[in-house]
Every structure is written in C-alpha cells, then in structure tokens.
Engineer: 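Input: one structure, supplied below.
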Amino acid sequence: MRSGTGGVRAAGVRRGRVRAVALTSAVTGCLGLVAAVVSAGPGAAPVSLQRVGATEAASSESYWTPERMRDATPADPRAPGRPAPDPAGRAAWRSATVFHGVPSIGALFFRNGNGDHYCTASVIDSRKRNLLITAAHCVHGGPGRGFVSRVAFVPGYDGGRRPYGVWTARVLVVKRGWIRAGDPDLDFGFVAVDPLHGRRLAGVVGSNRLVVDRGPGHVVNVVGYPAGRDHPIYCRGTTKRQARYQLRFDCGGFTGGTSGSPWLLSYSARTRTGSTNGVIGGYQRGGRYSDISYSPYFDQDVWRLREDADRAA
C-alpha cells in the first residue's frame, strides 16, 4: 500500500436529528450495481444503498491481485505530524505501534474515479454476521460523486498476507445526508460482504459490538492501515470532545489509509475484539494531520443505519 490522495472534503454541515428509518423496498440486480434511496416517510433521514451483483463481485475478487493491493493508495490525504503546537495535549502525546493486526480489522480496497485506493474497516456485530463499518467517504465520494466500486475486504491484512481470504461487497450503505452535503457528522457507513466458501465473515474472524452515546473521556484502542506501511498500527488513548457531534483522539502515525479505523472500547486480548464507539472520519475527513484523529459521535443515527444495513444485507 502506497501513499496517495483522493476523495473529496466533507462540507461543514450540522447533522440533523433523525427519527426512525426503515428500508421499505427491496432492490435487486444480479448483474451489476443498483442504487436506491429509501426513506421512512416525512421527516425521516433517507438511507442510500447500492447492491453489488454477482458478476461485479466476481470481477472484484479477481481484480484485487496482491500487486494491486500493494500499489493501492489511501483514499484520504493525512499529512504526517502535528498541525500546530498543542500545549494541552503535548504531555499526553504518544505514537502508534506497528503490529501484526487482529482478525476482525482489515484493509478495505476499492476503486473510485481516481484509481485504486484503500481504507480501514472492521467487522461489526449483526444478525446476518456479514457487516463491516468504516467511514462514509470510503464508501461514497460525497456531493457530486458516487459509490465506490470493486470493493473487497481483507481481514487481518499484514505484509501482503491475506490470512482469512478476500471478501467481496454485496451492499454499500450510507446516510443520504452524506451524499447530498458531505455532512461530517454522518461520515460513517456499512458494507455487507458475500459469504466465502459457504461461511459468514463474523463466523471466521469474529466481530465487535456497536455501542452508542458513550461520549468523551473513554479509553479506546484504535487500529488502522497507514500510508507507507504494509502492516497495521494501533494506539491506546482517551477520547476528547471536539464538537457536539465529533470526538477527538490524539496519537501519532495515523496517516492516509486509516480512515474507517475503529475506536474500540473494552478491548479483550483474549477474544481480540471490543466495542466500536467511533471510526476515523468526520471533521476534516478524520483529520488533516496524522497526530490528531476525529470521529463522528456515535448515537442512534449509527445504530439505525446498522439495522438498515443488516436488513438490506
């Protein structure tokens, strides 16, 4: 995986409060990509989804050779270093550690109008046991752009190794507010993947719980795939309030490619899973610099979108 840039900057639009959202129609398309906007009625925030047909999924699996994965560039530009002296945070400053990864977190590869890219994604618990959570800008380019294509997830990706196989996407789901306005408070999305060799993803690599309304001041473990490395990194730290619907995490090393990195509460070394309380994204698409990362605040918007994605999967 190489350094690079791509995607679009999220607009500074405040998140609207959301009432219940339900998927009210089924969308089919066994031969290609089919997009739909689904709403629960007046006042409800619509959900935008895209189904990936069998032909597209098969081509995605063959497309992502080890060479293409190695040459893919980050979807997000994040410069190394700090934006400015930060006396309040300097005492707690730390840098991420390179390690060999965990099964439930991996690299999410895809194509957009700028070429081959990658983000970070992780397995989230769901009834159908096949959902990933990541940043919305890793799924859809935002205003004036479209859904990404040739999506493939490699859990536990490490040094080019694909220990648990390559899992192709079947459904991509984001909030319509992200598509229309690039709302940074809605910079989260879900990807449902196809079974592999008759097995569901969570049954192979495990999954992390989704938790909401935890607020700042919690210790999280953050794992991601940075630019310029072929191995994941992790860092442990305490979340801070950035804005009403944004949290902040201070740790060096989270360069481009770490968008979508899960923020895990209560991580267990035994099960190698935890509770997802955020993903790198949101304000400045996760942060312009690698030492300060942001996440949209996880509340019922995220919970309901996970439920919608699970039904669509």
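Computed from a predicted structure; not experimentally measured. Values below: every heavy atom of this structure, side chains too, minus hydrogens, waters and symmetry copies.
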Engineer: Applying ring pair (Phe, Tyr, Trp, His ring centres under 6.0 Å), can you list everything that pairs with Y157, at least two apart in sequence or on another chain?
Structural biologist: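 For Y157 the ring pair (Phe, Tyr, Trp, His ring centres under 6.0 Å) partners, ignoring immediate neighbours, are F109.
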Engineer: If you measure from CD1 on I233 to OG1 on T258, what distance do you get to the nearest 0.5 Å?
Structural biologist: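 One gets 6.5 Å once the value is rounded to the nearest 0.5 Å.
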Engineer: So which atom in W167 and which in P155 form the shortest heavy-atom distance, rounded to 0.1 Å?
Structural biologist: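 So the two residues come closest at CD1-CD, 3.6 Å.
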Engineer: Find the distance between NE2 (H140) and CD (Q50) and round it off to the nearest 0.5 Å.
Structural biologist: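 Those atoms lie 8.0 Å apart.
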Engineer: Begin from the C-alpha positions of T276 and I124 and carry the test side chain to side chain contact (heavy atoms under 4.5 Å, CB included) through to its verdict.
Structural biologist: CA-CA 8 Å; T276 305; I124 201 77; 3.5 Å; yes
Engineer: Under a 4.5 Å cut-off applied to non-hydrogen side-chain atoms, are I133 and P262 in contact?
Structural biologist: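 Sidechains of P262 and I133: no contact.
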Engineer: Is R68 positioned over the aromatic face of W64, cation under 6.0 angstrom from the ring centre and no more than 45 degrees off axis?
Structural biologist: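 That pair does not qualify as a cation-pi contact.
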Engineer: Got a second to check how far N112's CG is from C138's SG, nearest 0.5 Å?
Structural biologist: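 With rounding to 0.5 Å, CG (N112) is 10.0 Å from SG (C138).
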Engineer: What are the two closest non-hydrogen atoms of N208 and G274, and how far apart are they?
Structural biologist: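 Scanning both residues completely, I find the closest heavy atoms to be OD1-N, 2.9 Å.
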Engineer: Can you check whether T271's main-chain N or O pairs, donor with acceptor, with S268's side chain at less than 3.5 Å?
Structural biologist: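 Yes; at least one donor-acceptor contact below 3.5 Å.
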Engineer: Do L186 and R176 have side chains that approach each other closer than 4.5 Å (heavy atoms only, starting at C-beta)?
Structural biologist: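 SC-SC contact between L186 and R176 ruled out.
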Engineer: Look up atom NE2 in H231 and atom CE in M1, then write down how far apart they are to the nearest 0.5 Å.
Structural biologist: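 Spacing of NE2 (H231) from CE (M1) equals 9.5 Å.
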Engineer: Is there a side chain to side chain contact (heavy atoms under 4.5 Å, CB included) between F110 and C119 once you walk through the steps?
Structural biologist: CA-CA 9 Å; F110 55 89; C119 283; 3.9 Å; yes
Engineer: I need the minimum non-hydrogen distance between A121 and T134, along with the two atoms involved.
Structural biologist: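 Smallest interatomic distance, heavy atoms only, reads CB-CB, 3.9 Å.
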Engineer: Which atom names give the shortest non-hydrogen contact between A312 and L49, and what distance separates them?
Structural biologist: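 It is CB-CD2, 4.2 Å.
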Engineer: Is there a donor in the side chain of R78 and an acceptor in the side chain of S259, or the other way round, less than 3.5 Å apart?
Structural biologist: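 No pair is found: no donor N or O on one side chain lies under 3.5 Å from an acceptor on the other.
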Engineer: Please check: side-chain N/O of T120 versus main-chain N/O of G260, any donor-acceptor pairing under 3.5 Å?
Structural biologist: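 No: the side chain of T120 does not pair with the backbone of G260.
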Engineer: What are the two closest heavy atoms between G252 and D291, and how far apart are they?
Structural biologist: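 Distance-wise, the nearest heavy atoms are CA-OD1, 3.0 Å.
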Engineer: Could you tell me the separation between the CG atom of D125 and the OG atom of S104, rounded to the nearest 0.5 Å?
Structural biologist: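 Nearest 0.5 Å value for the CG-OG distance: 11.0 Å.
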Engineer: Are the side chains of F188 and D301 in contact, using a 4.5 Å heavy-atom criterion?
Structural biologist: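 Sidechains of F188 and D301: in contact.
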Engineer: Any donor-acceptor pair under 3.5 Å linking the side chain of T239 with the backbone of H218?
Structural biologist: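 Checking the backbone N and O of H218 against the side chain of T239, a donor-acceptor pair under 3.5 Å is found.
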Engineer: Any donor-acceptor pair under 3.5 Å linking the side chain of K240 with the backbone of R248?
Structural biologist: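 Pair absent, no side-chain N/O of K240 close to backbone of R248.
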Engineer: Are D308 and F190 close enough that some pair of their side-chain heavy atoms sits under 4.5 Å apart?
Structural biologist: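 No, their side chains stay 4.5 Å or more apart.
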Engineer: Answer with yes or no whether the hydrophobic clustering places V219 together with I280; edges join I, L, V, M, F, W, Y residues whose side-chain heavy atoms lie under 4.5 Å apart.
Structural biologist: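 Result: no, two separate clusters.
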Engineer: How far apart are the closest heavy atoms of R200 and R129, and which atoms are they?
Structural biologist: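 Result for this residue pair: CB-O, 3.6 Å.
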Engineer: With sequence neighbours left out, write down each residue that passes ring pair (Phe, Tyr, Trp, His ring centres under 6.0 Å) with Y234, or none if nothing qualifies.
Structural biologist: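 Y234 satisfies ring pair (Phe, Tyr, Trp, His ring centres under 6.0 Å) with F99 only.
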Engineer: Between D187 and W178, is there a donor-acceptor pair closer than 3.5 Å when you use the side chain of the first and the backbone of the second?
Structural biologist: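 No; zero donor-acceptor contacts below 3.5 Å.
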Engineer: Give me the one residue out of C251, S95, P80 that meets side-chain contact (heavy atoms from CB on, under 4.5 Å) with S290.
Structural biologist: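 Among the candidates, only P80 passes.
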Engineer: When you look at V211 and F298, which way does the side chain to side chain contact (heavy atoms under 4.5 Å, CB included) test go after all the steps?
Structural biologist: CA-CA 8 Å; V211 294; F298 273 20; over 6 Å; no
Engineer: To the nearest 0.5 angstrom, please state how far the OG1 atom of T255 sits from the OH atom of Y225.
Structural biologist: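 Between atom OG1 of T255 and atom OH of Y225 there are 13.5 Å.
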Engineer: Not counting sequence neighbours, list each pair that qualifies as a ring pair (Phe, Tyr, Trp, His ring centres under 6.0 Å) and has a residue in residues 252-285.
Structural biologist: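 Applying ring pair (Phe, Tyr, Trp, His ring centres under 6.0 Å) to every pair that reaches into residues 252-285, excluding sequence neighbours, yields F249-W263, Y283-Y294.
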Engineer: Side chains of V222 and L264, heavy atoms from C-beta outward: is any pair under 4.5 Å?
Structural biologist: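 Not in contact.
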Engineer: Do R170 and D194 meet the salt-bridge criterion of a basic N to acidic O distance under 4.0 Å?
Structural biologist: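 Counted as a salt bridge, because a side-chain N and a carboxylate O are separated by less than 4.0 Å.
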Engineer: Going by heavy atoms in the side chains, are L132 and L201 under 4.5 Å from each other?
Structural biologist: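 With C-beta onward as the side chain, the pair touches.
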Engineer: Less than 4.5 Å apart, side chain to side chain, heavy atoms only: is that true for R150 and S59?
Structural biologist: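 A side-chain contact under 4.5 Å exists here.
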Engineer: Do Y63 and D116 have side-chain atoms, one donor and one acceptor, less than 3.5 Å apart?
Structural biologist: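 Per modelled atom types, Y63 and D116 side chains form a pair under 3.5 Å.
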Engineer: Please answer whether the main-chain N or O of V279 pairs with a side-chain N or O of S295 as donor and acceptor at a distance below 3.5 Å.
Structural biologist: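 Side chain of S295 to backbone of V279, a donor-acceptor pair under 3.5 Å: yes, one is there.
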Engineer: Before giving the answer on side chain to side chain contact (heavy atoms under 4.5 Å, CB included), spell out for V52 and T168 the whole-Å C-alpha distance, their side-chain angles and the decisive distance to 0.1 Å.
Structural biologist: CA-CA 9 Å; V52 180; T168 56; over 6 Å; no
Engineer: With a sphere of 6.0 Å drawn around CZ of R111, does it hold more than 12 non-hydrogen atoms of other residues, nucleotides or ligands?
Structural biologist: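 For R111, atom CZ is crowded (more than 12 foreign heavy atoms under 6.0 Å).
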Engineer: Tell me whether R51 is salt-bridged to E56, with the criterion being a basic N under 4.0 Å from an acidic carboxylate O.
Structural biologist: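 Looking at R51 and E56, the cut-off is not met.
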Engineer: Mind checking whether Y297 and Q242 have side chains closer than 4.5 Å, heavy atoms only?
Structural biologist: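 Not in contact.
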Engineer: Is the backbone of S126 close enough, under 3.5 Å, to the side chain of D310 for a donor and an acceptor to pair up by distance?
Structural biologist: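 Side chain of D310 to backbone of S126: no pair is present.
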Engineer: Quick check against the 3.5 Å criterion: does D185 have a side-chain atom that pairs as donor or acceptor with the backbone of P296?
Structural biologist: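 Such a contact is absent between D185 side chain and P296 backbone.
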